[in-house]
Amino acid sequence: MLADPITEAFDSIVRRDPLAPLVATPARRATRGEVDSWARAAAAKLIAAGAVRGERALVFAANGAGFLAALLACRRSGLVAVLADCTSPPAERERVAAALGVTLSIACDAAFPTRDNDFAVARRGADEGTPGSLGDAGYVKLTSGSSGESAGIALTADALVADDEQLVSTMGLKADDRLVAAIPWSHSYGLSSLVLPALRRGSLLVLPEDGGPWSPLLAARALRATVFPTVPVYVTALATLAEPAAWPASIRTVISAGAPLQPESAARFRETFGRNVHVFYGASECGGIAYDRSGAAALAGTVGTPVDGVDVELAGDGLAGEGVVTVRSAAVALSYLPSPGDRLSRGVFRSSDLASWTAEGALRLLGRADAVINVGGKKVHPREVETVLRGLPGIDDTVVLGLPASSGDREIVRAVVACAPGRLTYAAIADWCRGHLAAHKVPRSIVIVEAIPRNARGKPDRAALLALDASPSSATR
């Protein structure tokens, strides 16, 4: 068995109290001992499939006890866990597996498994080749590569542990906290804010019963949740309801991450519920970067001050004190996959975010130095969507870009598609994307033109693309 401080910590909390609940909804719960039992059963299936230490396995599981068990099974079997979005369609999962050298997969659709067959293990074809070793890496987070291809971020268990300890110190988290677990667990934010606290300290994950907008708050109230990690879109939606529900009294800390929280949304939330929202800024490559300890950062348009143990510099500082956020931390990942790239090196991560310092030492984000689209806290690379669109017969050319949403807290994906008149419909393009992309990557605005507008140098004219008709007749719903 491969030594992993995360699985070792979980083994310790199981021995200490196997009957303590680890994942719960208002109607169901799974104990530490049950998660441990399911993980052992899933590991046995991986070993029976010929798992070899260092192989890469795609973990594809819904939020819940099944996710924790599948992840533990991979690490106990000596596999590198490649964390996939459970909402991604088969075509996207296949692209990820091929690009990142995945040779095994483990899937679980059940939030609360009841039998061994709830875990499906499969081996990819031998003709895919044998990927090189990732050294000490035990985990791979998914991201988008610089050219839009499927890409990953390889990191060690020690890096995840370092990030967890830094966040505990910075946020004042406790082992007996009960965490509202409504964000995706496979994404970097959910991994650090939910999965690590559960596996390392036994913190209870409060799982909403369904995907309804009120489910997280209903679950929080029923199970006396204390910490609520969420995203700006949800904060804004709650704050603008005509008749908001009463806020669960047990929640002491609301955290917003994944995208900037607009000052007006933070102010409206405080006015409506009498609570501050603490903004959290991080990256898949390095975990937490900055945190709003006071709850006033969003109101001032900042993301707080650096996380304990994290050194933040603004590379290329000019006269205005602006630069690219550069992070030094024990939580920095090892490298990108399949191509290493130059933004990760020896404990240093050079981001694509431009920022400046305030006089009080808080970090103010100024935008991105690249074209990544931020959809409700989830990152979408335009070239990945363009590549998928170009696979649809009938498309001559396409450009994908981010379009500001009316809420101001996020962007939507716009696809401008060039084709012969009458050759394709909006519905056909949207259906193609839904079959090949995760839901958050599917364009919400589709504009069909005969030719892509270009500038004098022959490059797509961004201003013209943004100004194209965005009426309901040219948008998918």
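Positions are given from 1 along the sequence.
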Review point. Does anything in residues 100-121 pair up under salt bridge (charged side-chain N to carboxylate O under 4.0 Å, His left out), and if so which pairs, sequence neighbours excluded?
Key: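 For residues 100-121, and leaving out neighbouring residues, the salt bridge (charged side-chain N to carboxylate O under 4.0 Å, His left out) pairs sorted by first residue read R115-D118.
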Suppose we screen for side-chain contact (heavy atoms from CB on, under 4.5 Å). Which residues come up paired with [X], at least two apart in sequence or across chains?
X: A438; answer: D85, T87, S88, E92, H440, K441
X: S329; answer: Q166, V310, V327, A331, V332
X: A111; answer: L207
X: A464; answer: P453, D461

Are any of the side-chain heavy atoms of [X] and [Y] separated by less than 4.5 Å?
X: V447; Y: S445; result: yes
X: L241; Y: W214; result: yes
X: P248; Y: L217; result: yes
X: P113; Y: C108; result: yes
X: P443; Y: C433; result: yes
X: P421; Y: E450; result: yes
X: V372; Y: K379; result: yes
X: V180; Y: V227; result: no

Review point. Passes side-chain contact (heavy atoms from CB on, under 4.5 Å), V375 versus I412? Steps please.
Key: CA-CA 6 Å; V375 180; I412 61 175; over 6 Å; no
Taking all non-hydrogen atoms of both residues into account, name the closest pair between [X] and [Y] and its distance.
X: L389; Y: I395; result: O-CD1, 3.2 Å
X: I373; Y: L401; result: CD1-C, 3.4 Å
X: C419; Y: G394; result: CB-O, 3.2 Å
X: G152; Y: V140; result: CA-CG1, 3.9 Å
X: P393; Y: G391; result: CD-O, 3.3 Å
X: A225; Y: V206; result: CB-CG2, 4.2 Å

Interatomic distance, [X] atom [atom1] to [Y] atom [atom2] [nearest 0.5 angstrom]:
X: I429; Y: L392; atom1: CD1; atom2: CG; result: 6.5 Å
X: L363; Y: T358; atom1: CG; atom2: OG1; result: 8.5 Å
X: L354; Y: L365; atom1: CG; atom2: CG; result: 9.5 Å
X: L46; Y: L79; atom1: CG; atom2: CG; result: 5.5 Å
X: I153; Y: L142; atom1: CD1; atom2: CG; result: 9.0 Å
X: L403; Y: R414; atom1: CG; atom2: CZ; result: 5.0 Å

With a 3.5 Å distance limit and no angle check, can you tell me whether [X] reaches the backbone of [Y] through a side-chain donor-acceptor pair?
X: K45; Y: F119; value: yes
X: R221; Y: A246; value: yes
X: S186; Y: A84; value: yes
X: S193; Y: Y189; value: yes
X: R123; Y: A49; value: yes
X: R268; Y: T272; value: no
X: R364; Y: A300; value: yes
X: S215; Y: G211; value: no
X: R56; Y: L100; value: yes
X: R124; Y: V102; value: yes

Review point. Does a donor on one side chain and an acceptor on the other come within less than 3.5 Å for S284 and K141?
Key: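 Checked: S284/K141 side chains show no N/O donor-acceptor pair below 3.5 Å.
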Exercise for review: Indicate whether the side chain of E209 and that of T25 have a donor and an acceptor atom separated by less than 3.5 Å.
Suggested key: yes
Which atom pairs, one a donor and one an acceptor, fall under 3.5 Å between side chains of residues 336-349 and the rest of the protein, sequence neighbours left out?
from	atom 1	to	atom 2	distance (Å)
Y336	OH	E285	OE2	2.8
R343	NE	R350	O	3.0
R343	NH2	S352	OG	3.3

List the atom pairs, with distances to 0.1 Å, where a side-chain N or O of residues 61-73 and a protein N or O form a donor-acceptor pair under 3.5 Å, not counting sequence neighbours.
from	atom 1	to	atom 2	distance (Å)
N63	OD1	W185	N	3.1
N63	ND2	I183	O	3.1

Point to revise | Audit row: E386, T398, side-chain hydrogen bond (donor to acceptor under 3.5 Å, both in side chains) steps and yes/no | key: CA-CA 6 Å; E386 289 170 358; T398 183; 6.0 Å; no
Exercise for review: Apply the test side-chain contact (heavy atoms from CB on, under 4.5 Å) to residues D397 and R454: give CA-CA distance (whole Å), side-chain angles for both, the deciding distance (0.1 Å), then the verdict.
Suggested key: CA-CA 12 Å; D397 199 3; R454 297 181 180 274; 2.7 Å; yes
Could you tell me which residues satisfy salt bridge (charged side-chain N to carboxylate O under 4.0 Å, His left out) with [X], sequence neighbours excluded, listed by chain and number?
X: D164; answer: R200, R201
X: R275; answer: none
X: R423; answer: D396

Check your understanding: So L437 and R95, side-chain contact (heavy atoms from CB on, under 4.5 Å) or not? Walk me through it.
Key -> CA-CA 10 Å; L437 292 165; R95 290 201 311 274; 3.8 Å; yes
Check your understanding: Centroid-to-centroid, F112 to W38, below 6.0 Å?
Key -> no
Review point. With T305, which residues qualify under side-chain hydrogen bond (donor to acceptor under 3.5 Å, both in side chains), at least two apart?
Key: R293
Check your understanding: Listed by chain and number, what are the side-chain hydrogen bond (donor to acceptor under 3.5 Å, both in side chains) partners of Y139, not counting sequence neighbours?
Key -> D4
Check your understanding: Where does the angle between the aromatic ring planes of Y291 and F280 fall among parallel (under 30°), tilted (30 to 60°) and perpendicular (over 60°)?
Key ->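 The rings of Y291 and F280 stand perpendicular, inter-plane angle above 60°.
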Exercise for review: Step by step, work out the side-chain contact (heavy atoms from CB on, under 4.5 Å) result for L191 and L83.
Suggested key: CA-CA 10 Å; L191 187 66; L83 304 176; 3.9 Å; yes
Practice item. I would like to know whether Y281 and D353 meet side-chain hydrogen bond (donor to acceptor under 3.5 Å, both in side chains); could you show each step before the answer? Key: CA-CA 11 Å; Y281 166 52; D353 295 327; 2.7 Å; yes
